[in-house]
Amino acid sequence: MNKTIEFINEKTNNFKPEIGIILGSGLGELADEYCNQSIPYTEIPNFLKSTIQGHKGRLVFVEIENKKIVMMQGRNHFYEGHSMNEITYPVKVLKGLGVKTLILTNAAGAVNESFQPADLMLITDHINNMGSNPLIGTNDEKLGERFPDMTEIYKKSLIKLAEKCANKLELAIQKGVYWANSGPSYETPAEIKMIRKLGGDAVGMSTVPEAIVANYCGINVLGISCITNAASSDTSGKLSHEEVIESANIAKAKFKSLILEIIKNL
Ligand code: HPA
């Protein structure tokens, strides 16, 4: 861990970002627009594996509104075969770099029937159905407790702030519970019905491991899902990755303006 942090600090002249943003599927453009300096993951010692789809897996360092920000353009997923420990390693690195607030973003399917594709949803809580937990293993007491509290992973104050920002921009915004499956298969109709009954509003394959680790090591978390498709339950047609990316493309202007307004107000 120290080797990774020292490498990044040296490359960035001790940039010391306070805000971290992990950009989900189809939402990586923000980093292209605001890139001051970037480091490909492949250059960073002990960092993510190069299985990230598309060519961009990199850390991007930017200053917006006098705020120092590090963006992760691309993440590893549990379904790629990496361990929970591996996919959450970057969150611990962000903590070591000085990140106090982490904005986690993702593409997710709607489970709540009032949600539409291209809606944005503020994550109020999550349900971990991935079948594992990123904190399994020896605990590093320097980072956090063995049995960390998880009652407010997604900070209420950050949700309020994000809602205010959305109102100011006149963006409709949803709120709800993010349900995480391991993937990579999408859900069956029966699974979607179950998730709805058990309290999920949106479903995806990421974010939850990172949110658990961030909360564990004392980082404030805001989660934003970009709803890319109606739940596949109601035989409304088959779901493809292309459809997911297409909806993320439609939502990305909204997403970008919301993130920038949140940064302004953090
Ligand atoms: N299910 C799981 N993950 C997803 C979906 C979905 O419907 N859409 C985007 N990511």
Side-chain angles (χ1 to χ4, degrees), residues 1-6 8 17-25 41 44-49 51-52 57 59 70-72 74-106 108 122-159 176-184 195 198-225:
M1 180 93 63
N2 285 345
K3 200 169 154 199
T4 312
I5 294 165
E6 276 163 25
I8 296 169
E18 286 204 32
I19 302 169
I21 308 177
I22 302 185
L23 295 164
S25 301
Y41 296 155
I44 306 172
N46 306 325
F47 215 64
L48 294 181
K49 303 264 164 52
T51 51
I52 292 163
L59 283 184
V70 57
M71 297 190 203
M72 283 184 61
R75 53 152 69 92
N76 274 153
H77 294 85
F78 191 47
Y79 61 71
E80 291 169 286
H82 310 296
S83 71
M84 282 273 169
N85 212 2
E86 285 167 338
I87 62 172
T88 54
Y89 181 74
V91 175
K92 296 175 193 165
V93 171
L94 296 189
K95 170 79 182 176
L97 294 176
V99 166
K100 307 265 184 309
T101 304
L102 180 60
I103 305 176
L104 295 171
T105 72
N106 60 56
L122 300 173
I123 303 175
T124 54
D125 204 348
H126 75 220
I127 296 173
N128 177 12
N129 190 51
M130 296 179 98
S132 189
N133 188 296
L135 302 177
I136 289 175
T138 313
N139 187 47
D140 181 350
E141 291 289 330
K142 289 197 287 299
L143 277 176
E145 302 176 49
R146 173 73 291 187
F147 301 108
D149 174 76
M150 293 280 149
T151 43
E152 197 189 329
I153 300 184
Y154 305 90
K155 272 258 168 227
K156 288 200 177 83
S157 54
L158 289 175
I159 295 171
V177 172
Y178 178 88
W179 177 292
N181 284 334
S182 70
I195 295 169
L198 293 181
D201 293 293
V203 57
M205 307 170 191
S206 68
T207 302
V208 159
E210 296 147 354
I212 291 172
V213 170
N215 186 58
Y216 154 80
C217 62
I219 298 175
N220 296 324
V221 175
L222 175 68
I224 307 174
S225 290

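If you're wondering where the values come from, they're calculated on a predicted model, not measured in any experiment.
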Any sub-3.5 Å donor-acceptor pair from Asn128's side-chain atoms to Ser132's backbone N or O? yes
Taken in chain and number order and not counting sequence neighbours, the residues that satisfy side chain to side chain contact (heavy atoms under 4.5 Å, CB included) with Asn215 are Met150, Ile153
When every non-hydrogen atom of Leu135 is compared with those of Pro148, the smallest separation belongs to CD1-CG, 3.5 Å
In terms of heavy-atom contacts, Gly223 and Tyr154 come closest through N-CD2, 3.9 Å
Checklist entry - Taking side chain as C-beta onward, heavy atoms only, is Leu158 less than 4.5 Å from Val221? => result no
Taken to the nearest 0.5 Å, the spacing of Leu102 CG from Asn220 CG works out to 9.5 Å
Separation between CD1 (Ile224) and CG (Leu122), nearest 0.5 Å, reads 6.0 Å
Heavy-atom side-chain proximity of Met1 to Val93 below 4.5 angstrom: yes
Here the pair of heavy atoms bringing Ile5 nearest to Gly96 is CD1-CA, 3.7 Å
Rounded to the nearest 0.5 angstrom, the CG-CH2 distance for Asp125 and Trp179 is 12.5 Å
NE2 (His77) and CD1 (Ile87) are apart, to the nearest 0.5 Å, by 8.0 Å
Rounding to 0.5 Å, atoms CZ (Arg146) and OG1 (Thr138) come to a distance of 7.5 Å
By side chain to side chain contact (heavy atoms under 4.5 Å, CB included), Pro45 pairs with (sequence neighbours left out) Lys3, Phe7
Between Gly24 and Thr105, the two heavy atoms sitting closest are N-OG1, 2.8 Å
Please assess Asp149 against Thr151 for the test side chain to side chain donor-acceptor pair (under 3.5 Å), listing each intermediate value before the final yes or no.
-> CA-CA 6 Å; Asp149 174 76; Thr151 43; 2.7 Å; yes
Scanning both residues in full, the closest heavy-atom pair of Met130 with Phe78 reads O-CE2, 3.7 Å
To the nearest 0.5 Å, atom CD1 of Ile195 lies from atom CG of Asn181 at 5.0 Å
Heavy atoms, side chains only, cut-off 4.5 Å: are Asn76 and Tyr41 in contact?
no
Within the structure provided, determine whether His82 and Thr88 are in side-chain contact (heavy-atom separation under 4.5 Å). no
Closest non-hydrogen atoms of Ile159 and Ile123, given as atom of the first, atom of the second and distance, are CD1-O, 3.6 Å
Donor-acceptor contact present, side-chain Lys100 to main-chain Gly98, <3.5 Å:
yes
- Item | Side chain proximity check, Met72 to Leu59, heavy atoms < 4.5 angstrom | yes
Should Tyr216 and Leu143 be marked as a side chain to side chain contact (heavy atoms under 4.5 Å, CB included) after you check the CA-CA gap, both sets of side-chain angles, and the distance that decides it?
-> CA-CA 8 Å; Tyr216 154 80; Leu143 277 176; 3.7 Å; yes
Just list the side-chain donor-acceptor pairs under 3.5 Å for residues 198-212, sequence neighbours left out, or say none.
unit_1, atom_1, unit_2, atom_2, d
Asp201, OD1, Asn112, ND2, 3.0
Asp201, OD2, Val177, N, 2.8
Ser206, OG, Arg75, NH1, 3.4
Thr207, OG1, Asn106, ND2, 2.8
Glu210, OE1, Arg75, NE, 3.3
Glu210, OE1, Arg75, NH2, 2.9
Glu210, OE2, Arg75, NE, 2.9

